Protein chains: 2
Amino acid sequence: MQDQKYFGQDRSSLTGFAINPLNRLSERRHEQPFIDTLIAAPTTRTVIFSGETPVLRQNGNEYGAYFTFAEAHEIGSAGEVAFLGLDGEDALFATLIEEETPENSQARGDIARVDLRSIATQGLVSVPVIGALAQAKSLLYWHKRHRFCANCGTLTLVSSAGWKRDCPQCQAAHFPRTDPVVIMLVQQAEHCLLGRQPIFPAGLYSCLAGFLESGETIENAVRREVFEEAGLPIGKVEYFASQPWPFPASLMIGCMAEALDDRVTVDGLELEDARWFSREEVKQMLDKTHPLHFSAPPKLAIANLLISSWASNEWR
Amino acid sequence: MQDQKYFGQDRSSLTGFAINPLNRLSERRHEQPFIDTLIAAPTTRTVIFSGETPVLRQNGNEYGAYFTFAEAHEIGSAGEVAFLGLDGEDALFATLIEEETPENSQARGDIARVDLRSIATQGLVSVPVIGALAQAKSLLYWHKRHRFCANCGTLTLVSSAGWKRDCPQCQAAHFPRTDPVVIMLVQQAEHCLLGRQPIFPAGLYSCLAGFLESGETIENAVRREVFEEAGLPIGKVEYFASQPWPFPASLMIGCMAEALDDRVTVDGLELEDARWFSREEVKQMLDKTHPLHFSAPPKLAIANLLISSWASNEWR
């Protein structure tokens, strides 16, 4: 990719999992001899997922995510393998292994299974490697959950270096799935609306969000979700930033939205509470100094960027 | 929805298929007694798809897309049925029928099967009904092609008023699919880049576009696609507008993109040609007065909005 000097120059690059400088060479994935050559090259590496969890190499406090294919086979029986892209000159793949056998997981003392959220929050590997792990996680999850043809029920075969599955029965071609989600900071005068889902940790408030549906624009998906969850009519909607969100495979589309009214009616289903917050309160929530111990989402989430940008009035 | 006065106030509402004022009541889809009541109501109507093609009622030059369920059963054996939303006070559903039997299709002289692109281009039904047909088309296509569990191959069962399929074997829940696509007008100084795919009609040039992949932001998907298809490095990317595109189920995410270079290298695979055009030339292409008979996409496509907004310099 030629865009590396632009990393950090758009808002989306400030979100978690956004930095990924791999050259995906998507136009060459179908060239099997080319992919075979990459697989055989001595400098080629793979990241490994055991189910949905990344496998890391651990040496004290140092972690690594790159393995040889030989190491991957030692750790577990390999399932799907996908080409992620070139990291500089060297190819990087992703390998899905079935749950490790106890013997394998005990055989090496330098292997740790760590969930991707913790890897990112604690910065266990470098930012571009976190991006590659996010790419791998969504892609491998799709394989793990889409081995059969949705059109006819037959077991499908992997092709295009792990970016396609073909049905040998009905010939249907299946591609990895990315689900667009709208996530929005609703504003009215000098306040913003944040809500709580029942599953949130105590005191945490975040932006409203929901899956975009068939037949919707981004702006109308924002309006529908806010109206359904909080009973508020929305006027102007502005795109703000986007983020790949690998839990399991979403594209978060972050927007700023203007409410035409301030009478909130919580649906009680998706949200258990939603209320208006001032800039001052939001800053306390971000700093974890709020007198009622309210808090905002961590930096990993695009909600943090939306909320902090609004709080500091830096978003226009 | 409370947002009707905002229709036409964001750019996305200027794209084809974007206007859809149905109140989807997505939070009530799982309430089967509520849905049953709607189905039984005398004012309830359904749109009908025969495979991927809308079925219309025709009376001379007048067309309609709303039928009773009794009429739907007359026209063909009903497959999946989905709740689209409330049109004012009345419920609107979508019904998928298997290919009509010759007897059925000949039994009524007032029935026409017309593809959605033609319906929209010719304005055969009102703009909001075109939006509802687009919503129905993507949703019913998903049912038609996803009847089996991708996780285990078992035939799944429809639930949530047609917005979910459940696997009775492995308990997996499956939801309708919407594929995000980036489509971008690449600019450099006073020119924009348009390209030709081999399948395009002679003389037609359009924006570059491609599916957003696992682990990408919108901006980086734009950069990757332009670099892969035309060899151009891209700096700044700005979101412009979005569009539901029901062929079969995409979300088109329209962006303006600044090229850092003007040396185009066409990949020859996805594009057979790509070149720079001036505003004057683009206006001729939109007006169909270009001396070489080059043309731009029709108003239905978001590419037309991107190109015409740039040509008239009205996009900031």
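What you see is a predicted model; the values in this text were computed from it and never measured. Just so it is clear: chains get the letters A, B, ... in the order the sequence lines come, proteins before strands, and each one is counted from 1.
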Structural part of A/P246 lying under 4.5 Å from a heavy atom of chain B: neither
Identify which part of B/S26 has an atom lying under 4.5 Å from any heavy atom of chain A, answering side chain, backbone, both or neither. both
Taking only residues two or more places apart in sequence, or in another chain, which ones meet B/F17 in a ring pair (Phe, Tyr, Trp, His ring centres under 6.0 Å)? B/W245, B/F247
Can you name the nearest heavy-atom pair linking A/S12 to B/E219, along with the distance? OG-OE1, 2.6 Å
Pick from A/C149, A/A134, A/C152: which one has the most heavy-atom pairs with chain B under 4.5 Å? A/C152
Could you check which of A/E216, A/Q243, A/Q135 has the highest count of heavy-atom pairs closer than 4.5 Å to chain B? A/E216
Quick one: of B/S138, B/S242, B/S250, B/A241, who has the most non-hydrogen atom pairs under 4.5 Å with chain A? B/S242
Out of A/H146, A/R177, A/R145, which one racks up the most heavy-atom pairs below 4.5 Å with chain B? A/R177
Please rank A/E270, A/E213, A/M252, A/K137 by heavy-atom pairs under 4.5 Å with chain B and give me the top one. A/E213
More than 12 heavy atoms of other residues, nucleotides or ligands under 6.0 Å from CZ of B/F211: yes or no? no
Of the backbone (N, CA, C, O) and the side chain (C-beta and beyond), which part of B/L155 lies under 4.5 Å from a heavy atom of chain A, both, or neither? neither
Segment of B/L212 engaging chain A (4.5 angstrom heavy-atom cut-off): both
Flag the one option from A/L251, A/V237, A/T154 with the top tally of heavy-atom pairs under 4.5 Å to chain B. A/L251
At what distance, to the nearest 0.5 angstrom, does CG of A/N23 lie from CD of B/E228? 7.0 Å
Check: B/L269 main-chain N/O paired with A/E27 side-chain donor or acceptor under 3.5 Å: no
Of B/K236, B/R223, B/E238, which meets side-chain contact (heavy atoms from CB on, under 4.5 Å) against A/D10? B/R223
Do you know which of B/P180, B/G210, B/G153, B/A150 has the most heavy-atom pairs under 4.5 Å to chain A? B/A150
B/Y239 and A/I218: side-chain contact (heavy atoms from CB on, under 4.5 Å), yes or no, with the steps? CA-CA 11 Å; B/Y239 169 80; A/I218 290 170; 3.8 Å; yes
Please output the residues of residues 164-175 of chain B in contact with chain A, using a heavy-atom cutoff of under 4.5 Å, in numerical order. B/A172, B/F175
If every non-hydrogen atom of B/P244 is compared with every non-hydrogen atom of A/T217, which pair is closest and at what distance? CD-CG2, 3.7 Å
